[in-house]
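Written below as structure tokens is the structure these notes are about.
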Amino acid sequence: MKRVLIFLGMLLFMGATLFGQQINVTGTVTDARDGGSLPGVSVLLQGTTTGTVTDINGNYEISAPGDGVLVFSFIGMQTREEPINNRSIINVEMESELVGLEEVIVVAYGTARRESFTGVADIISSERIERRQVSNVSRAIEGSAPGVQVTSGGGQPGSGIAVRLRGFGSVSASNEPLYVVDGAPFDGSINSLNPSDIESITILRDASASALYGARGANGVIVITTKSGADRLPEMNFTTRFGFSNRALPEYSRLSTGDWMVTQFESYRNFRHFGGGLSLQDANAEAIQDFVANIGNYNPYNMDAGDLFVIDNNNPWLVSLNPNAQMLYQEDWQDYLFRTALRQEYDFNVSGGTDISDYYLSLSYLDEEGMAIPSG
């Protein structure tokens, strides 16, 4: 047993010595997409400052311990870590590093990386649009980007808003920005686009944005990129949204019809008493006689003015409505004008493609009521 333990100890010592000693590691670094060599790749021994770079043919050579780890890094490629494991030849394939969508800006003349773009641009992603229940594209822009001035001409469902990127530069000409949809100037109604079909909206306010379009881009450019398919099997999506809208603030308290009639009677009576020099009794009598004519022959009750008001005999200042008076028609007109408006939206799309083409088809239905009944 003692000999066995001694033998195992010698093997462990030899293994540790073998893996700890310096060995010469060589290899080639290639691109995983096409197999081409990658020159200038950094090859660094992990945890140290020892390193090298690949030559014009993608080859490298480095001295490292057998139990070390080599770190391969290159701009635009994913960093690779390869344990040496006492190997003298290590060939590495590097994968491309995908750029996040938020790092790419769609500009009037193509695309640009955010860190390399020197102009003024704001991006509204599809995720931000989907979080808001908007009926048109202009509503999606409202409040989503700093420095963008928006004004709404009315609250009717589906109505657009005026968008200003550079203020008001002309009195007689249009101040509307130029809309570019999928690379082409769009002269139609921007509200005809379905917000659910938009991939991103880029708002360009600097002078370089109008370089490609000349005077047409003088008021700024709004670049809209719609969704597209991908190289995959057909994918179908169906989305439905329901909502409602009503007054954000409660309605103000108002006088009832009877209270309003009494208030108008007292106002006319006091005017004739204090302003016309009549006694209180004569002012009450004249108010009863002329009240209906004085307010435009308005009387929603089933009684004449002579019977409509009751004056307290003990205190002629006190006037009340006859308790037997009945209204001929309903006077709460707001119940006939306003409502709790419902909103329902249905979106269906199918997308897919192959390695040579792709497609994206969509169908949408929107029914949005207005809080004011005549608005739609």
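Residue numbers count from 1 along this sequence. For clarity, every value in this text was computed on a predicted model and none was experimentally measured.
- Electrostatic pairing of Asp347 and Arg241 counts as a salt bridge here, judged by a charged N lying under 4.0 Å from a carboxylate O.
- A salt bridge links Arg164 with Glu176: the distance from a Lys NZ or Arg NE/NH1/NH2 to an Asp or Glu carboxylate oxygen falls below 4.0 Å.
- Interatomic distance, Glu369 CD to Gln344 CD, rounded to the nearest 0.5 Å: 8.0 Å.
- The ring pair (Phe, Tyr, Trp, His ring centres under 6.0 Å) analysis of residues 220-253, with sequence neighbours excluded, yields the pairs Phe242-Tyr346.
- Note on Tyr268 and Ile311: separate hydrophobic clusters, where clusters join Ile, Leu, Val, Met, Phe, Trp and Tyr whose side-chain heavy atoms are under 4.5 Å apart, directly or indirectly.
- Not one N or O on the side chain of Tyr301 forms a donor-acceptor pair closer than 3.5 Å with the backbone of Leu321.
- When atom types are taken as modelled, the side chain of Asn302 and the backbone of Gln326 share a donor-acceptor pair closer than 3.5 angstrom.
- Under the 6.0 Å cut-off for aromatic ring centres, Tyr298 and Trp260 qualify, their centroids lying closer than that.
- Salt bridge annotation for Lys227-Glu199: absent, with no cationic side-chain nitrogen under 4.0 angstrom from a carboxylate oxygen.
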With side chain to side chain contact (heavy atoms under 4.5 Å, CB included) as the criterion, how do Leu165 and Asn219 come out once you've worked through the C-alpha distance, each side chain's angles and the decisive distance to 0.1 Å? CA-CA 6 Å; Leu165 303 185; Asn219 295 321; over 6 Å; no

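- Residue Leu328 places its CG atom among more than 12 non-hydrogen atoms of other residues, nucleotides or ligands, all under 6.0 Å distant.
- Criterion: ILVMFWY side-chain heavy atoms under 4.5 Å apart, direct or through other members. Under it, Phe265 and Ile295 are part of a common hydrophobic cluster.
- Both Val319 and Val292 are members of a single hydrophobic cluster when ILVMFWY side chains are connected at heavy-atom separations under 4.5 Å.
- With Asp259 contributing its side chain and Leu255 its backbone, the two residues share no donor-acceptor pair below 3.5 Å.
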Atom pairs and distances, side-chain donor-acceptor, residues 35-52, under 3.5 Å, sequence neighbours left out:
| from | atom 1 | to | atom 2 | distance (Å) |
| --- | --- | --- | --- | --- |
| Gln46 | NE2 | Glu81 | OE2 | 3.4 |
| Thr48 | OG1 | Leu45 | O | 2.8 |
| Thr48 | OG1 | Thr50 | N | 3.3 |

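- Environment of CG in Asp312: crowded, with over 12 heavy atoms of neighbouring residues, nucleotides or ligands closer than 6.0 Å.
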Before you tell me yes or no, could you show the steps for Asp358 and Ser228 under side-chain hydrogen bond (donor to acceptor under 3.5 Å, both in side chains), namely the whole-Å CA-CA distance, both residues' side-chain angles and the distance that decides it to 0.1 Å? CA-CA 7 Å; Asp358 58 70; Ser228 60; 4.8 Å; no

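- Taking the centre of each ring, Phe72 and Tyr60 come in below the 6.0 Å mark.
- Atom CG of Leu233 sits about 11.0 Å away from atom OG of Ser351, to the nearest 0.5 Å.
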Can you list the steps and then say if Phe291 with Phe309 is a ring pair (Phe, Tyr, Trp, His ring centres under 6.0 Å)? CA-CA 10 Å; Phe291 173 74; Phe309 300 100; 5.1 Å; yes

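- To the nearest 0.5 Å, the span separating OG1 on Thr26 from CD1 on Ile89 amounts to 5.0 Å.
- Rounded to the nearest 0.5 angstrom, Thr202 OG1 and Ile222 CD1 are separated by 10.5 Å.
- Ion pairing between a basic and an acidic side chain is recognised when a charged N comes within 4.0 Å of a carboxylate O; Glu82 and Arg87 show such pairing.
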